[in-house]
Asker: 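Sharing a structure here in structure tokens format.
The basis for the numbers below is simple: all heavy atoms, side chains too, and nothing from hydrogens, waters or symmetry mates. Predicted model, so just to flag it, every value in this text is computed and none were measured. As the structure lists them, so they are numbered: ligands from 1, and atoms in each ligand from 1.
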Amino acid sequence: MQSKLPHVGTTIFSVMSALATEHNAINLSQGFPNFPISDTLKNLVNEALQADQVQYAPMPGRIDLRQQIAAQVLTKHGVAINPETEITITAGATQAIFTAIAALISAGDEVIMFDPAYDCYDPAVVLFGGKPVHLKLRFPSYQVDWNELDDKITDKTKLLILNNPNNPAGSVWNANDLLSLEQILQKHPQLYIISDEVYEYIQFEGTHQSVLKNEFIRSRSFVTYSFGKTLHVTGWKLGYCVAPELLTREFRKVHQFNVFCVNNTMQYAVAGYLQHANDLDTIASMYQRKRDLFINALANSRFTLLPCAGTYFCLADYSNITDEPDTEFAKRLTRENGVAAIPVSVFYEYLTDHKVLRFCFAKTDETLTAAAEKLCRI
Ligand SMILES: Cc1ncc(COP(=O)(O)O)c(C=O)c1O
């Protein structure tokens, strides 16, 4: 069989997690929390099962969940989204992103994304015949160079994929970034946006500059979210896409033949949770405390921590320790020092190596302290 994705192999996340297991290392590589979720949410899952909420959900998702999301967007951004026509519940942000790309991209369309980029964007574009165009975030600030972007847009550019707060970089946008994006869209009427905002609740500085806040940008955007990140339930693979009615209509044409609908039981539980959730704004402070714990515990190490304004990842420059390529160093760190991390070069088209590793701090304090102790011995 001729591969449609000949360059895609096993992801580094699987490789590093397997290596961590093999060497009994502390796994700060893959991005998932290792602390328990709220009892209220667990009880709601039980309630859903007792209420036999186990059959198909409506194709766009349960309306009670979509209404809760609309209420949450109104509270957070002061923006009214129609739950009937502008929100679709998906199997995680990954399926939302894939579906938006499938709905939009045809052979020959160019899609601009910024490296270091989350790994699901590029292959989805390739599958639909699109041409990924990778620009780089400025190093070491990991900010978008809007002038460079403007220069790289051609009449074939159909889509920009943006991610704020950024995984793996931990960088976030300010209000000027939204204005720059708006100017670019004004200039290029053929452009659409996928704004990947899965870490919307994990921002430590300033307020989250969602594209939903800007009416003009929103009119051309698919904005994707993940309950996995917000409610610490990555294994549930539950997310959603917010997009204007016309875009949502096309999105749902793909969605209904891709999955039709997603996990009804978990949708019931999350809808119930959001109805009374008054703790979403505490997520950032919980993670900020973990970030600071980890960073402070590494103060006497030979790693240099880069700024982390959002997400539950922080980057560490290891150039004081060795000049080995980052992938080699990450593997050796796992084998010899007992801590697994992700080499940041894997998020670049041509494996740009700035000697930086990504550590996930969505872990218990004990795990973070134990990992930092090991890292301080290097
Ligand atoms: C930037 C980014 N986008 C999308 C996703 C995928 O989210 P989900 O697990 O809900 O599919 C992740 C998960 O790590 C992510 O970090």
Asker: What are the two closest heavy atoms between E197 and H208, and how far apart are they?
Answerer: OE1-CE1, 3.2 Å
Asker: For atom 10 (O) of ligand 1, grab the closest protein heavy atom and report residue, atom and distance to one decimal in Å.
Answerer: S226 OG, 2.7 Å
Asker: Output yes when K187 and D150 qualify as a salt bridge under the 4.0 Å nitrogen-oxygen rule, no when they do not.
Answerer: yes
Asker: Can you confirm, on distance only, whether ligand 1 has an N/O atom lying under 3.5 Å from any N/O atom belonging to Q95?
Answerer: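 Checking ligand 1 against Q95, no N or O pair falls under 3.5 Å apart.
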Asker: Are any of the side-chain nitrogens in R66 or D64 under 4.0 Å away from the carboxylate oxygens of its partner?
Answerer: no
Asker: Find all atoms of ligand 1 within a distance of less than 4.0 Å from any non-hydrogen atom belonging to N167, and give their numbers and elements.
Answerer: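 Once the distances to N167 are compared, the set is 1 (C), 15 (C), 16 (O).
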Asker: How close does the nearest protein non-hydrogen atom get to atom 9 (O) of ligand 1, and which residue and atom is it?
Answerer: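 For this ligand atom, the closest protein heavy atom is K237 NZ, 3.0 Å.
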Asker: With nothing but distance in play, are any N or O atoms of K229 less than 3.5 Å from an N or O of ligand 1?
Answerer: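 By distance alone, the answer is yes.
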Asker: Which residue holds the protein heavy atom closest to atom 7 (O) of ligand 1, what is that atom called, and what is the gap in Å?
Answerer: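 Sorting protein heavy atoms by distance from atom 7 (O) of ligand 1 puts A93 CB, 3.6 Å first.
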Asker: Does E328 come within less than 4.0 Å of R332, counting only side-chain N to carboxylate O?
Answerer: no
Asker: Do NZ/NE/NH1/NH2 and the carboxylate oxygens of K76 and E200 come within less than 4.0 Å?
Answerer: yes
Asker: Which of the atoms of ligand 1 are close to G92, meaning less than 4.0 Å from one of its heavy atoms?
Answerer: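 Result: 10 (O), 11 (O).
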Asker: Under 4.0 Å, counting heavy atoms only: does Y199 come that close to any atom of ligand 1?
Answerer: yes
Asker: Has ligand 1 got any nitrogen or oxygen that is less than 3.5 angstrom from a nitrogen or oxygen of N163?
Answerer: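 It does not: no N or O of N163 is found under 3.5 Å from an N or O of ligand 1.
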Asker: Would you call E110 and K158 a salt bridge, taking side-chain N to carboxylate O under 4.0 Å as the test?
Answerer: no
Asker: Mind checking whether D196 has an N or O less than 3.5 Å away from an N or O of ligand 1?
Answerer: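 Indeed, backbone or side chain, D196 has an N or O that close.
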Asker: Flag the pair D365 and R289 as a salt bridge only when some basic side-chain nitrogen lies within less than 4.0 angstrom of an acidic carboxylate oxygen.
Answerer: yes
Asker: V198 heavy atoms, cut-off 4.0 Å: which ligand 1 atoms fall inside?
Answerer: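 Going through ligand 1 atom by atom, the ones under 4.0 Å from V198 are 1 (C), 2 (C), 3 (N), 4 (C), 15 (C).
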Asker: Do the side chains of K156 and D109 get close enough for a salt bridge, i.e. N-O under 4.0 angstrom?
Answerer: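 Salt bridge absent between K156 and D109.
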Asker: Among all protein heavy atoms in this structure, tell me which lies nearest to atom 6 (C) of ligand 1, with the distance rounded to 0.1 Å.
Answerer: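 The closest one turns out to be T94 OG1, 3.3 Å.
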